[in-house]
Amino acid sequence: MEKFTKLTGVAAPLPITNIDTDMIIPKQYLKTIARTGLGKGLFSEMRYREDGSENPDFVLNKPAYRKAEILVAEDNFGCGSSREHAPWALLDFGVRAIISTSFADIFYNNCFKNGILPIKVSKEDLAKLMDDASRGANATLTVDLEAQEIRGPDGGVVKFDIDPHRRHCLLEGLDDIGLTLVKAPKIADFETKLAAERPWI
């Protein structure tokens, strides 16, 4: 998993409440178990018209936001079904951080397992960041996980809290498998000792 330390990128505003996982990646894209290639389906029912052409009114189709790496969204982001394809699609598109006042629990957990930083902020701070993200080409935010702060284009700073263990895993690029591999030497020592003491096992 790619490490997350500090990200400076374009932030796209999504002033929508209850963005669910079906909106993030509709069901027709769930036939694959590959983590790549899903970016084209991200928000597809909003990004594309029925004839397959782009909807110019959707934020990620606007020139300033085509390469957005940060999303600023309203309450309850990632609600709905527990599909892990949702963070896969976001990551494949290039999104590494999502800022909201609240997240659905399963989606929130899945983000950390896939190298995406979901950040919870107050309604007041979200309003400031939504305003920052609405500036088009100037909508650049810096998300600093080490300092646990978001810096806006005008120098404003929003602090955020995060579980220390989750922070450590993102900073080191450790998913569940990576966490286990860190302990590989101890596991090998245990297996050697066990084989010597209990060769019948």
Side-chain angles (χ1 to χ4, degrees), residues 1-19 23-25 35-36 38-44 46-48 54-78 86-103 107-108 110-112 114-163 166-173:
M1 189 173 77
E2 186 179 346
K3 293 181 179 181
F4 191 119
T5 53
K6 184 188 294 184
L7 169 67
T8 298
V10 171
L14 281 173
I16 305 169
T17 302
N18 299 323
I19 293 178
M23 292 169 69
I24 297 169
I25 185 74
R35 298 187 182 201
T36 57
L38 289 168
K40 66 181 181 297
L42 180 69
F43 298 118
S44 68
M46 292 186 282
R47 277 172 72 193
Y48 306 111
E54 288 188 351
N55 172 7
D57 294 328
F58 185 63
V59 64
L60 296 181
N61 290 335
K62 295 181 178 180
Y65 297 108
R66 283 186 177 272
K67 296 189 182 296
E69 297 177 88
I70 303 164
L71 298 181
V72 182
E74 295 288 349
D75 298 347
N76 201 27
F77 191 93
W88 293 352
L90 287 159
L91 191 62
D92 192 59
F93 181 85
V95 173
R96 292 297 312 279
I98 306 164
I99 303 167
S100 180
T101 53
S102 62
F103 295 87
F107 175 83
Y108 186 75
N110 282 340
C111 280
F112 287 105
N114 287 282
I116 296 173
L117 173 59
I119 302 171
K120 297 177 184 177
V121 297
S122 68
K123 287 187 178 295
E124 293 76 20
D125 285 337
L126 185 74
K128 296 174 193 173
L129 295 167
M130 191 71 76
D131 180 64
D132 287 339
S134 300
R135 299 184 184 191
N138 296 319
T140 301
L141 297 178
T142 295
V143 177
D144 188 335
L145 180 56
E146 291 181 313
Q148 292 180 218
E149 63 183 29
I150 305 162
R151 291 188 288 278
D154 295 330
V157 175
V158 171
K159 302 290 286 186
F160 63 89
D161 293 322
I162 184 171
D163 174 79
R166 294 184 188 277
R167 177 177 178 272
H168 167 75
C169 289
L170 280 178
L171 288 172
E172 298 300 321

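Basis for what follows: all heavy atoms, side chains included, without hydrogens, waters or symmetry-related copies. Throughout, numbering of the chain's residues begins at 1 and tracks the sequence. Since we're looking at a predicted model, the values are computed, not measured.
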Pair Glu74-Ile16, side chain to side chain contact (heavy atoms under 4.5 Å, CB included): steps then yes or no: CA-CA 5 Å; Glu74 295 288 349; Ile16 305 169; 5.6 Å; no
Point-to-point distance, once rounded to the nearest 0.5 Å, from CZ of Phe4 to SG of Cys169: 14.5 Å
Pair Asp125 + Lys159, salt bridge at N-O below 4.0 Å: no
Closest contact, heavy atoms only, Leu170 versus Met1: CD2-CE, 4.2 Å
Heavy-atom pair with the smallest gap, counting every atom of Ala64 and Ala137: CB-N, 3.5 Å
Check against side chain to side chain contact (heavy atoms under 4.5 Å, CB included), Leu90 and Asn114: CA-CA 10 Å; Leu90 287 159; Asn114 287 282; over 6 Å; no
Atom pair OG1/NZ of Thr101 and Lys123 - distance to nearest 0.5 Å: 4.5 Å
side-chain contact (heavy atoms from CB on, under 4.5 Å) partner of Pro87, the single match among Asn110, Val95, Ile98: Asn110
Closest contact, heavy atoms only, Tyr65 versus Gly136: OH-N, 2.8 Å
Heavy-atom pair of closest approach, residues Val157 and Arg151: CG2-CG, 3.9 Å
Pairwise side-chain contact, Leu60 with Phe93, heavy-atom cut-off 4.5 Å (strictly under): yes
Smallest separation among heavy atoms of Ala133 and Ala12, with atom names: CB-C, 4.1 Å
Aromatic ring pairing Phe77/Phe43, orientation class (parallel under 30°, perpendicular over 60°, tilted between): perpendicular
Euclidean distance, Asp161 CG relative to Lys120 NZ, rounded to 0.5 Å: 10.5 Å
Closest non-hydrogen atom pair between Leu7 and Arg96, with its separation: CD2-CB, 3.7 Å
Heavy-atom donor-acceptor pair, Arg167 side chain to Leu145 backbone, under 3.5 Å: yes
Test side-chain contact (heavy atoms from CB on, under 4.5 Å) applied to Leu126 and Val121, Val158, Asp131, the passing residue: Val121
From Asp92 atom CG to Ile25 atom CD1, the distance as rounded to the nearest 0.5 Å: 9.0 Å
Exam field: side chain Thr8 to backbone Thr142, donor-acceptor pair closer than 3.5 Å: no
Residue pair Ile162, Gln148: steps toward the side chain to side chain contact (heavy atoms under 4.5 Å, CB included) verdict: CA-CA 8 Å; Ile162 184 171; Gln148 292 180 218; 3.8 Å; yes
Aromatic plane relationship, Phe107 with Phe103 - under 30° parallel, 30 to 60° tilted, over 60° perpendicular: parallel
Point-to-point distance, once rounded to the nearest 0.5 Å, from CG of Asp132 to CG of Leu141: 5.5 Å
Interatomic distance, Ile24 atom CD1 to Ile19 atom CD1 [nearest 0.5 angstrom]: 7.0 Å
Side chain to side chain contact (heavy atoms under 4.5 Å, CB included) evaluation trace for Met46 with Asn55: CA-CA 7 Å; Met46 292 186 282; Asn55 172 7; 5.6 Å; no
CG (Asp163) with more than 12 external heavy atoms under 6.0 Å: yes
